[in-house]
Structures are given as structure tokens and as C-alpha cells.
Amino acid sequence: MAGQSLAADMLISAELGTHDGIQVPGTGGTNPDVPLPATPTAADPAATQGASATPTAPASPTASAAASPTAVPTPTASAVKATPTAAGASTAGQGTAKRGIPGMPGGGSFPGSGGMPGGGGVPAGGGAAPSYAQQVVDLVNVERGKAGCGPVSAEPRLTSAAQSHSDDMADRNYFDHASPEGKHADYRIEAAGYSWSTWGENIARGQKDPAAVMDSWMNSPGHRANILNCAFKQLGVGVRTGNNGPWWTQVFASPA
């Protein structure tokens with residue numbers, strides 16, 4: 001995958017989307033290999049619920065996206081629509097997480113998690129890890145605070161889009177922003193019922209915990225640019241544990 005970092009069996013990748021196209025964060029311009037998104041539909045009023053601020057025009061990421069692979073798990077920005085890879089641990093994209101799981105008193109068990117009392121811990125045998133997802137949201141907001149950006153709020157539809165991508169990468173053994181059918185994050189976000197004005201995705205595979213994956217992303221210019229993009233208002237995070245994982249997806253967005 002172009003622009004992907006491969007080191008110590010860990011991979012990461014990032015991309016940024018506007019209604020003008022998809023690009024590597026921090027580079028400007030669009031990727032000619034990725035078709036423009038379909039004409040956006042009228043904003044769904046429900047899509048703006050939970051937004052922390054009035055949507056703004058997409059802001060340029062605050063960091064450069066170019067980085068050379070190194071011997072440590074340093075994330076790098078990814079060109080979009082790259083060929084999926086099946087081997088190695090990977091990280092990529094953007095995602096969101098939510099603070100609580102509806103219908104689960106006291107935290108309960110997360111669907112597909114293998115049962116995690118209180119909603120915490122990593123499921124035995126692999127599965128979704130909502131406590132990890134929330135930790136990533138919290139760590140993102142710590143870094144945004146240091147950079148003078150407002151916090152992102154966890155958004156359930158973005159969480160759904162992020163979790164579906166982590167699950168799909170794990171289930172079908174690939175690592176890419178694009179699914180084997182060529183669908184990028186904009187498709188997954190819209191399928192979850194969210195109308196966006198701009199979005200960003202970080203993905204990763206193989207980092208053992210939230211601190212490790214955030215360290216990888218923050219040491220990559222492209223991924224850091226997404227995390228510290230003050231135009232983003234909401235976030236969803238999807239984490240899938242299991243053999244050859246975990247798989248991590250961050251989906252950032254601002255509502256239309």
C-alpha cells in the first residue's frame with residue numbers, strides 16, 4: 001500500500017475526504033486514483049445531533065503527511081485506494097467512539113465481544129473492545145487540547161462505521177481504507193446515516209493497546225494531522241481484537 005508504514009509487523013495508514021475528493025492528510029490536492037464522492041444529499045437534521053460546534057469549512061490539517069518507513073512502528077500517511085495486504089499487523093484510518101452502550105445496564109456485554117462485564121477489558125478469543133475505543137477518544141482529546149483544538153465528541157454512527165471497518169478487515173484479512181469492493185470511509189459513514197461535510201480516517205493493526213496505537217499515529221505526520229485537525233467535531237473508534245490484531249479504525253467527521 002502506497003504511503004503505508006511497515007515496521008515491527010505493524011502497519012498504519014491515513015486519508016482525508018472532502019466533497020472535492022480523497023487525499024493524504026496534510027498534502028493538499030486529491031488522489032486521481034480515487035473517484036469523487038457522489039453528490040451529497042441534503043443534510044439529515046439527525047446527523048447534526050451531538051455536534052459540539054457549528055460545522056466549519058474543511059480546515060487544512062496541521063501537519064505534513066509525508067513520512068518514510070522506519071524501524072519502529074511510526075505511522076505514515078497512506079495514499080488512498082491502495083492494494084490491500086493480508087500479512088503483518090497494520091494500522092490505518094479514522095474512526096469514532098461513543099461513551100456508553102445503549103441498552104446495556106451497568107456496561108453489560110458488547111455485541112460480539114465475548115462478554116465483558118462492565119463493558120471493560122479485552123474479550124477472550126477476540127471481538128469488539130468498547131473500553132479500548134473510549135480510551136482512544138479520551139487520548140485524542142488530550143492531544144487536541146495540547147494543540148489548542150476543541151475536543152471531538154463520540155458519535156454513535158461514526159462508531160458504527162469505524163467498527164464495521166475494523167471487523168471487515170479482520171474477517172476478510174486485509175488492511176486498507178478501501179474495502180475489497182473499493183468502498184472508502186465516506187461510503188461507510190453515509191451507510192450509517194451520517195451526513196458529513198468533511199471526514200478523516202486513521203487505521204492501524206497490531207498495536208497492543210490504546211496508548212501504543214496513539215503513539216504510532218501521533219508519530220506519523222499524516223495521522224497526527226487528522227487527530228489535530230480542528231475542523232473535525234466528532235469521532236468514532238472501532239477496535240477488533242483477535243489473532244493478527246488488534247485492528248483499529250478512527251473515523252473523524254464534521255456534520256453537513
Side-chain angles (χ1 to χ4, degrees), residues 1-15 24-25 65 67-97 112-114 122-123 125-133 135-137 139-140 158-159 161-181 183-185 188 200-224 226-227 235-252:
M1 169 185 265
Q4 195 178 79
S5 172
L6 173 58
D9 292 326
M10 286 184 278
L11 295 173
I12 57 175
S13 184
E15 65 182 19
V24 175
S68 301
T70 65
V72 295
T74 302
T76 63
S78 158
V80 295
K81 209 174 176 86
T83 302
T85 61
S90 319
T91 66
Q94 307 155 337
T96 62
S113 69
V122 178
S131 67
Y132 269 11
Q135 289 178 54
V136 171
V137 175
L139 290 170
V140 163
L158 297 180
T159 299
Q163 188 64 51
S164 69
H165 192 49
S166 289
D167 288 343
D168 193 45
M169 288 190 293
D171 291 341
R172 297 202 279 174
N173 195 28
Y174 71 94
F175 178 73
D176 203 336
H177 293 285
S179 71
E181 295 75 29
K183 303 296 187 181
H184 285 258
R188 296 184 286 273
E201 182 175 77
N202 289 335
I203 59 174
R205 177 175 155 186
Q207 289 80 355
K208 65 179 182 177
D209 57 32
V213 74
M214 280 296 294
D215 183 66
S216 291
W217 281 330
M218 287 301 293
N219 280 288
S220 161
H223 299 81
R224 182 185 179 94
N226 273 338
I227 291 168
L235 170 64
V237 176
V239 186
R240 169 72 174 269
T241 64
N243 292 337
N244 300 318
W247 292 261
W248 306 83
T249 302
Q250 288 179 318
V251 177
F252 296 87

side-chain contact (heavy atoms from CB on, under 4.5 Å) between T249 and M169, intermediate numbers included: CA-CA 10 Å; T249 302; M169 288 190 293; 3.7 Å; yes
G238 to A162 - nearest heavy-atom pair and separation: N-CB, 3.4 Å
[Y] side chain reached by [X] side chain, heavy atoms, under 4.5 Å:
X    : Y    : result
R172 : S179 : yes
V136 : W217 : yes
F252 : V140 : yes

Option from E15, H177, H165 for which side chain to side chain donor-acceptor pair (under 3.5 Å) with H184 holds: E15
Backbone of R240 reached by a side-chain donor or acceptor of S166 within 3.5 Å: no
Inter-residue atom distance W248.CH2 - M10.CE, 0.5 Å rounding: 11.5 Å
Rounded distance (nearest 0.5 Å) linking atom CG of D168 with atom CZ of R188: 8.0 Å
Check against side-chain contact (heavy atoms from CB on, under 4.5 Å), Q135 and D209: CA-CA 9 Å; Q135 289 178 54; D209 57 32; over 6 Å; no
